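Order of listing sets the numbers, starting from 1, for every ligand and every atom in it. Count residues from 1 along the sequence. Predicted, not measured: the structure shown is a model, and the values here were computed from it.
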Amino acid sequence: MTTERAWIGSAMAALRQEQARSADTHLLRLDLPAFPGIAFYLKDEASHPTGSLKHRLARSLFLYALCNGRLHRGQTVVDASSGSTAISEAWFARLLGLPFVAVMPACTAPRKIADVRALGGTCDLVDDPAAVHDRARWHEQRGACHLDQFGLAERATDWRGNNNIAESLLAQMAHEPDAEPAWVVCGAGTGGTSATIGRYLRYRGLQTRLCVAEPAGSAFAEGWRTRDRKATASRSTVIEGIGRPRVEPGFVFEVVDHVIEVEDADSIAGMHALEGLLGRRYGGSSGTNFIACLRLAARMRARRVHGSIVGLLCDRGERYDETLYSTAWLRERGIAPPVLPAELDDALSATTRAGTTISSYPARSRPPRSPRT
Ligand SMILES: *Cc1c(COP(=O)(O)O)cnc(C)c1O
């Protein structure tokens, strides 16, 4: 028992050290001339050490398991994931010297599978994306500690503060002209991010509204509209990390003010537009968020409302070099090379290099209309 407590103490110390070494993520400002008086801010969660917003979640899930006495020295750790969480969890498991098994859909981007393996994790690939939960429980019954991101994300995060994403982005907004955003836009995978942001906005007494950007036909959108926790997706999506086939336990409908459904092709076009504007690659769900930000901005412009909109950049684009960034891969799945949807064309046609505030913006006046392979 005492050696067990000593191990928990050393594991907590390792997590504290990691937190001290990690810096907060950037909040990038983007001014698009097509939207006068509306400032866009993009929270760059790809800049975490493990490349996605799941770095925060993985740290919280390990803390939660440790402090609940569920995680022991030498114990195997397991979780179901569409990949980003698995990479972050594999990284933390290695930090704590624990074996890690990731249960992932076989269709997960190959680069993510390779990243988990490179971090010493084992990948248990299942054909049916909806089967990952049962498979993770199967490992749990055999003695593994199930971090259970889908069951616990919304609980494991300290939404009142303590370095949560909402506290961070609002503190970064404090000195901006419209410090209280009109909208915050995020996706829903575990639902942890939207629950944390929605709760924190209320906790702080702000008027900011929360919009979830969903792949068209996914379960969250349908469940939120009908308040039905048994809702399922009517379509699948190629956007990883969001667009779940079922309403996950961590989806808190009540704190979400609006849901915008985005077609996959438009999310991919949004992803390319971000590369053109920011000079680096982000994943598909960042594109989904960006399209939703532009739709909200178009509504504000039509009503002559000024203000700020904060969206999330969720993970690094390099993970999708062989999938979402490959024209051949998209064509195999019947997805045409991305064409700018109307709102994007409208938003970006007036954007020149001088029109953005990002000085490192590459010398190109507009984003590519078709992806590189
Ligand atoms: C998990 C994830 C999301 C959604 O975040 P949740 O907090 O799980 O709802 C969005 N994008 C990517 C790439 C993700 O991995």
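- Considering backbone and side-chain N/O of Tyr320, none are found under 3.5 Å from N/O of ligand 1.
- At least one test fails for Arg5 against the ring of Trp7: distance under 6.0 Å to the centre or angle within 45° of the axis.
- Under 4.0 angstrom from ligand 1, the non-hydrogen atoms of Ile242 all belong to its side chain.
- Proximity of Ala188 to ligand 1 is established by a heavy-atom distance of less than 4.0 Å.
- Under a 4.0 Å criterion applied to the non-hydrogen atoms of Gly192, ligand 1 contributes the atoms 7 (O), 9 (O).
- For the pair Arg227 (side chain) and Trp224 (backbone), a donor-acceptor distance under 3.5 Å is present.
- Neither the backbone nor the side chain of Leu57 comes within contact range of ligand 1; no heavy atom lies under 4.0 Å.
- Backbone and side-chain nitrogen or oxygen atoms of Ser285 are examined, and one is located within less than 3.5 angstrom of a nitrogen or oxygen of ligand 1.
- Taking 4.0 Å as the cut-off, Ala153 does not count as a neighbour of ligand 1 on heavy-atom distance.
- Inclusion of Gly191 in the set of residues having an N or O under 3.5 Å from an N or O of ligand 1 is warranted.
- The one candidate from Lys112, Arg316, Arg281 that meets the salt bridge (charged side-chain N to carboxylate O under 4.0 Å, His left out) condition with Asp321 is Arg281.
- The backbone N or O of Ala86 sits less than 3.5 Å from a side-chain atom of Ser81, completing a donor-acceptor pair.
- With Trp183 contributing its side chain and Thr208 its backbone, the two residues share no donor-acceptor pair below 3.5 Å.
- A distance-only check finds no donor-acceptor pair linking the side chain of Lys43 to the backbone of Leu313 [under 3.5 Å].
- Among all non-hydrogen protein atoms, the one lying nearest atom 7 (O) of ligand 1 is Thr193 OG1, 2.5 Å.
- Shown here is Glu332, whose CD atom has more than 12 heavy atoms of other residues, nucleotides or ligands within 6.0 Å.
- Polar contact with ligand 1: present for Gly189 (N/O pair, distance under 3.5 Å).
- The N/O atoms of Ser84, backbone and side chain alike, include one that comes under 3.5 Å of an N/O atom in ligand 1.
- A salt bridge links Glu18 with Arg59: the distance from a Lys NZ or Arg NE/NH1/NH2 to an Asp or Glu carboxylate oxygen falls below 4.0 Å.
- Contacts with ligand 1 closer than 4.0 Å are made by side-chain heavy atoms of Lys54 only, the backbone lying farther away.
- Side-chain atoms of His55 and Thr50 form a donor-acceptor pair, as typed in the model, at a separation below 3.5 Å.
- No N or O atom of Glu240 sits closer than 3.5 Å to an N or O atom of ligand 1.
- Shortest contact from atom 6 (P) of ligand 1 to any protein heavy atom: Thr190 OG1, 3.4 Å.
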